[in-house]
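Inspection log for the structure reproduced underneath, given as structure tokens.
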Amino acid sequence: MAKKVVDEMTMTRALTRITYEIIERNKGIDDIVLVGIKTRGIFLANRIADRLEQLEGKKIPVGELDITLYRDDKPGKSDRDAQVNGTNIPVDIQGKQIILVDDVLFTGRTIRAALDALMDIGRPEKISVAVLVDRGHRELPIRADFVGKNIPTSLDEEIIVKMKEIDGEDGVTIAK
């Protein structure tokens, strides 16, 4: 059984709110680089970058981060079993304000893996986290700086984010 909790319009509003918060907290968008965590984080980062460009008139670099080799929570995976789908960050991140973008924040392990991956690439001045959905249940002391929607869930529920770019529609559902 699945229940839709975020529709296309609500998702657009949440991303717009995140965009304004990024501008306010960073006092502009100089030195900002958005880095989307594969897969849906990349599409969210691109949407936020487009909105930032509309509002501020400046193009923001957007990178793609594959954290496959940095995961510690996938049983049975080893480095030789992992498939790397590619990391592509088009600018040097040294001294930049990085905003990691992902669809759902749950245990915090994806963000921890992303931090490790970023540090192997360079040393940014600051790293922030933006997520479309924060569902709680953290296992690590990690929090999002920018949150589209807080959706409390039980551990037996699953948050499913759909995006037009790969799913043909925008929305968030909770499934048991």
Side-chain angles (χ1 to χ4, degrees), residues 1-22 34-51 62-89 98-119 127-176:
M1 181 171 143
K3 176 184 172 191
K4 192 165 198 168
V5 291
V6 173
D7 61 14
E8 182 177 354
M9 184 58 72
T10 305
M11 184 184 287
T12 299
R13 284 188 198 118
L15 292 173
T16 297
R17 186 172 47 256
I18 288 171
T19 303
Y20 279 109
E21 288 178 16
I22 288 170
L34 296 172
V35 177
I37 299 172
K38 289 199 171 195
T39 295
R40 285 169 181 78
I42 296 166
F43 301 121
L44 292 167
N46 282 319
R47 290 185 189 189
I48 292 168
D50 290 346
R51 189 71 175 122
V62 178
E64 301 177 2
L65 190 63
D66 182 358
I67 60 164
T68 305
L69 296 176
Y70 294 87
R71 298 297 301 230
D72 69 350
D73 60 343
K74 300 294 182 194
K77 285 279 189 191
S78 69
D79 286 349
R80 67 181 181 281
D81 295 331
Q83 287 187 341
V84 178
N85 295 318
T87 291
N88 177 19
I89 300 178
I98 302 297
I99 300 175
L100 278 172
V101 183
D102 203 9
D103 56 351
V104 179
L105 179 55
F106 181 31
T107 63
R109 293 188 180 277
T110 296
I111 300 301
R112 187 220 42 92
L115 291 170
D116 288 348
L118 273 178
M119 290 305 176
I127 301 174
S128 302
V129 175
V131 296
L132 179 63
V133 176
D134 185 342
R135 65 171 287 189
H137 304 289
R138 223 66 84 236
E139 295 175 2
L140 299 172
I142 289 174
R143 67 170 178 79
D145 300 281
F146 310 100
V147 178
K149 294 289 279 182
N150 286 294
I151 302 176
T153 61
S154 65
L155 287 173
D156 66 337
E157 292 176 316
E158 180 183 3
I159 294 284
I160 301 165
V161 174
K162 291 189 176 184
M163 301 196 65
K164 282 182 182 176
E165 292 88 341
I166 57 173
D167 303 305
E169 66 176 305
D170 284 343
V172 178
T173 56
I174 297 178
K176 286 239 182 210

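Values below: every heavy atom of this structure, side chains too, minus hydrogens, waters and symmetry copies. A quick note: this is a predicted structure, and the numbers were derived from the prediction, not measured.
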Mind checking side-chain hydrogen bond (donor to acceptor under 3.5 Å, both in side chains) for Asp170 and listing every partner two or more places apart, or none if nothing turns up?
Arg47

Taking side chain as C-beta onward, heavy atoms only, is Asp156 less than 4.5 Å from Lys176?
yes

Got a sec, which residues hit side-chain hydrogen bond (donor to acceptor under 3.5 Å, both in side chains) with Arg109, two or more places apart in sequence or on another chain?
Asp72, Glu139

Sequence neighbours excluded, the answer for side chain to side chain contact (heavy atoms under 4.5 Å, CB included) partners of Leu132 is Met11, Ala14, Leu15, Leu44, Val161, Val172

So, using salt bridge (charged side-chain N to carboxylate O under 4.0 Å, His left out) as the criterion, who are the partners of Arg13 when residues are at least two apart?
none

Positive for side-chain contact (heavy atoms from CB on, under 4.5 Å) with Ile159, one of Val6, Thr153, Asp103
Thr153

Mind checking what makes side-chain hydrogen bond (donor to acceptor under 3.5 Å, both in side chains) contact with Asp50, not counting sequence neighbours?
none

Just jot down the side chain to side chain contact (heavy atoms under 4.5 Å, CB included) partners of Glu158, sequence neighbours excluded, or say none.
Ile160

Non-neighbouring partners of Ala113 that pass side chain to side chain contact (heavy atoms under 4.5 Å, CB included), sequence neighbours left out
Ile67, Tyr70, Arg71

Ser128 side-chain N/O to Ile99 backbone N/O, donor-acceptor pair under 3.5 Å
no

Hey, could you give me each pair passing ring pair (Phe, Tyr, Trp, His ring centres under 6.0 Å) that has a residue in residues 154-176? Not counting sequence neighbours.
none

Residues at least two apart in sequence or cross-chain that pass salt bridge (charged side-chain N to carboxylate O under 4.0 Å, His left out) with Arg138, listed by chain then number, are Asp134

For Phe106, give me all partners under ring-ring contact (aromatic ring centres under 6.0 Å, His included), at least two apart in sequence or on another chain.
His137

Any donor-acceptor pair under 3.5 Å linking the side chain of Asp145 with the backbone of Val129?
yes

List in chain and number order the residues that pass side-chain hydrogen bond (donor to acceptor under 3.5 Å, both in side chains) with Thr107, two or more places apart in sequence or in another chain; answer none if no residue qualifies.
none

Is there side-chain contact between Lys162 and Glu8, with heavy atoms separated by less than 4.5 Å?
no

Report the residues that fulfil side chain to side chain contact (heavy atoms under 4.5 Å, CB included) with Leu118, sequence neighbours left out, ordered by chain and then residue number.
Leu65, Ile89, Ile93, Ile98, Leu100, Ile127

Side chain proximity check, Glu64 to Lys38, heavy atoms < 4.5 angstrom:
yes

